[in-house]
Novice: 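Have a look at this one before I ask anything.
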Number of protein chains: 4
Amino acid sequence: MSKDRAALQPRKSPVQARSSATVEALHIAAVQVLMREGLGRCTTTRVAVRAGTSVGSLYQYYPNRDALLAAILKRHLDGIADACARVCREQQGRPVSDMASVLVRAFLAAKLRDPEESKALYAVAAERGGAELCAHAQARMAASITDMLASAVDVHFDDPAMTAMIALNAMIGPVRAVLEGMASAGTEDGLEAQLTLLLASFFQAHPRRMTAVSP
Amino acid sequence: MSKDRAALQPRKSPVQARSSATVEALHIAAVQVLMREGLGRCTTTRVAVRAGTSVGSLYQYYPNRDALLAAILKRHLDGIADACARVCREQQGRPVSDMASVLVRAFLAAKLRDPEESKALYAVAAERGGAELCAHAQARMAASITDMLASAVDVHFDDPAMTAMIALNAMIGPVRAVLEGMASAGTEDGLEAQLTLLLASFFQAHPRRMTAVSP
Amino acid sequence: MSKDRAALQPRKSPVQARSSATVEALHIAAVQVLMREGLGRCTTTRVAVRAGTSVGSLYQYYPNRDALLAAILKRHLDGIADACARVCREQQGRPVSDMASVLVRAFLAAKLRDPEESKALYAVAAERGGAELCAHAQARMAASITDMLASAVDVHFDDPAMTAMIALNAMIGPVRAVLEGMASAGTEDGLEAQLTLLLASFFQAHPRRMTAVSP
Amino acid sequence: MSKDRAALQPRKSPVQARSSATVEALHIAAVQVLMREGLGRCTTTRVAVRAGTSVGSLYQYYPNRDALLAAILKRHLDGIADACARVCREQQGRPVSDMASVLVRAFLAAKLRDPEESKALYAVAAERGGAELCAHAQARMAASITDMLASAVDVHFDDPAMTAMIALNAMIGPVRAVLEGMASAGTEDGLEAQLTLLLASFFQAHPRRMTAVSP
DNA sequence: CATGAATGAGTCTTCATTCAT
DNA sequence: GATGAATGAAGACTCATTCAT
């Protein structure tokens, strides 16, 4: 496992400006190729060419193709998990309905910032290396939500971790369906309203808390 | 598109194909190879050998590798969509809480019948051809649920199609997370209880119906 | 080590006539490419093309380039070691001068049967996998010679294994020099005469045996 | 041939090159990389990094990779040939047994001064450019030995050049076997004793000289 | 002058697909 | 109809060499 992990680490941090630009170009190019051609045809050469560099340069920054894809996925997931953690911290001690609406809004904002990228990365997440990254991001997000739920003023959760995991993935599911084009949710606002309702009613289906939470 | 569609059709008629022991063996073998080796190493030769035949025979039944994978995915999705359609029909005119529990139970039963297969097929679904099949299955399931919801005696849905789509994917999300090992839901019963609660409270968050539904 | 060993094993034994011909062609082609282009440019594609096949076929019989080269080297070395073992057995109990002349003749006959091949394979022997094969062949030959020397009627060897190893490599050295074009030995007969003299005098420089060897 | 020869020459004058600390570092680094990674992975970048410089600097001193390797090999061979020439000159007019023991001692001392280097360079010697260098060194050594033998007081050689070539390579063979790990010679002293015996008896197997050599 | 990022030709290897047996 | 050997296009990755900084 440590070997696999090592094999997916970027080779060098792009400290210099030029390098940084190259790496950025590679990321963008990879997402584009992923979208236009699919994971199977997302080859190192194609990515490099679209990025305006050469394969050699790609391999200067990533030890192999999977490391590049993993890096892109990681950045994407980290962004979402960060946003999630932030709002969950802010919503500590609030009523669950607030939690639901704020969490949904934050998640959608992060996930739909670049819908093409989000969509393209689902394929990467399905590959061997991607699953671990997703699991890690999910764990972070679930933990954030768990803490938030445990602090709710109006509802008591016997198993907040379980509730958090279900809620998180109940949100992820429809978003994925929409992004992958399997379903349409009308406007983005419509999707937000539905998910908020979904989570809020789920949270409120748990027993009301009689007394305040002790800090 | 017509070309693509044709390219993914099995070569022989479905009747012959389904009855053939070779085809069955190929399906099983393909799932096994998919699980053990991953999509990238799920080659026609490997599948054929594990199935106890030869590549040549594989090509007798499928025009190409993708057609084989598509067939497996399709069978899997059809099974789930069928189960879903059946129970949705049965629950017509029942209260939404019944609908939620029966739908969840049926979905889990179908999806977790062979968890390894379900998990392995996520990779296939992510490939180009898979998305269409998934979309089609989703559409079928969403339609079944939509009809069911519209007939609920106790709740009125302004946009039952939207509610169905959200509910369906809210169910799919956590199941996928569990199957892909990104989250644990304790026992399978625990998962069922949570999802039932999720859907039931979501459904009941919609306006109560004053009068009976007209048939 | 077991992994390396496995990685160098041929993939399948050429049981069928056609396969056997392909393998034979690959061997010949590899030696030719080795000679004409050098080890560094002895690529799988080049070998396959010269053999009149395709890379794919090459990989049907050998898991990788090194395995092909190792197979050729092994066959070559086995031939020499076999010849050596045979004559050493035949010379048991003879005077050392006979041993020297017969051993030299047999070694030269085997090694110079196809001088081009012999020469080309020195490069292979220098590569990682080749050293082991050479060491093994050397060990076999040294053992054969050791047994032979220990049975000499006229000379007693305190450390026949050491004498065998020195004698063997004293023979190998000049032959290699000649094959690699580093030195000329005039006719092949001249080389044989010199090596015979070398070994005979070396053997006879050891203490004379007073009594017969016990069987 | 002239082109090849030019391509392998160091770029700067030998005087400058030898005195440069960078060149020295490159030589040492190259031998180390050769040993640790093998010829195939002995890349210019790796050598430069291990030497504490950059590829660019390496190309300041050598026009290409082969020139670097050739330079190292040449230095190694020159050292041995020089030592050989020196003692051969010193032993002029001595009895052949002295010649044998002194030559063997000098050769072993030079060749085993840095056994790792000696071993690593066999791979370089096998490459295209290496053969010429080896041939040249061999020619020098053979000439030295030839002259020495021709001056022996106690033995007359009809073809001293041939005897020299055989003796030289009879010595080289076992040393190589030991260095490449194909055979063990016990202690280094043991090897020396054996080789001395080998050469001495070989020399003495030639006709005794009745009269003194004319100067 | 030193550096090391960039280049891209060239290797090995795999795999879908065909077709002679 | 079944088989599996043959094919060769395509992909990942490396490395000698150059040249802008």
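Since the structure is predicted, the reported quantities are computational estimates derived from the model, not experimental observations. Lettering of chains follows the sequences in order, A, B, ..., and the numbering in each one begins at 1.
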Novice: Can you identify which nucleotide, out of E:dT17, F:dG4, E:dA2, has its nearest atom closest to the B:Asn64 side chain?
Specialist: E:dT17
Novice: Taking the side chain of C:Arg65 as its heavy atoms from C-beta onward, which of E:dC12, F:dC13, E:dC15 lies nearest to it?
Specialist: E:dC12
Novice: What's the closest nucleotide to the B:Thr53 side chain, out of E:dA6, F:dG11, F:dT3?
Specialist: F:dT3
Novice: Let me have DNA chain F in dot-bracket notation, would you? Count Watson-Crick plus G-U wobble pairs, both distances under 3.5 Å, and use [ ] for pairs crossing earlier ones and | for inter-strand partners.
Specialist: .||||||||||||||||||||
Novice: Nearest heavy atom decides the nucleotide; on that basis, is D:Gly52 or B:Arg41 closer to the 5' end of DNA chain E?
Specialist: D:Gly52
Novice: Can a side chain N or O of C:Ser57 be found less than 4.0 Å away from OP1 or OP2 on F:dT7?
Specialist: yes
Novice: Looking at the side chain of C:Ser54, which of F:dA6, E:dG4, F:dA2 is the nearest nucleotide?
Specialist: F:dA6
Novice: Closest approach to the side chain of C:Tyr61, judged atom by atom: which nucleotide of F:dA6, E:dT13, F:dT3 is it?
Specialist: F:dA6
Novice: Which nucleotide sits closest to the side chain of A:Gln60: F:dT18, E:dA5, E:dA16?
Specialist: E:dA5
Novice: 5'-most contact on DNA chain E: C:Cys42 or D:Thr45, nearest heavy atom basis?
Specialist: D:Thr45
Novice: Nearest of F:dC13, F:dA2, F:dA6 to any side-chain atom of A:Val55?
Specialist: F:dC13
Novice: Mark yes or no for whether B:Arg46, through its side chain, and B:Arg41, through its backbone, hold a donor-acceptor pair below 3.5 Å.
Specialist: yes
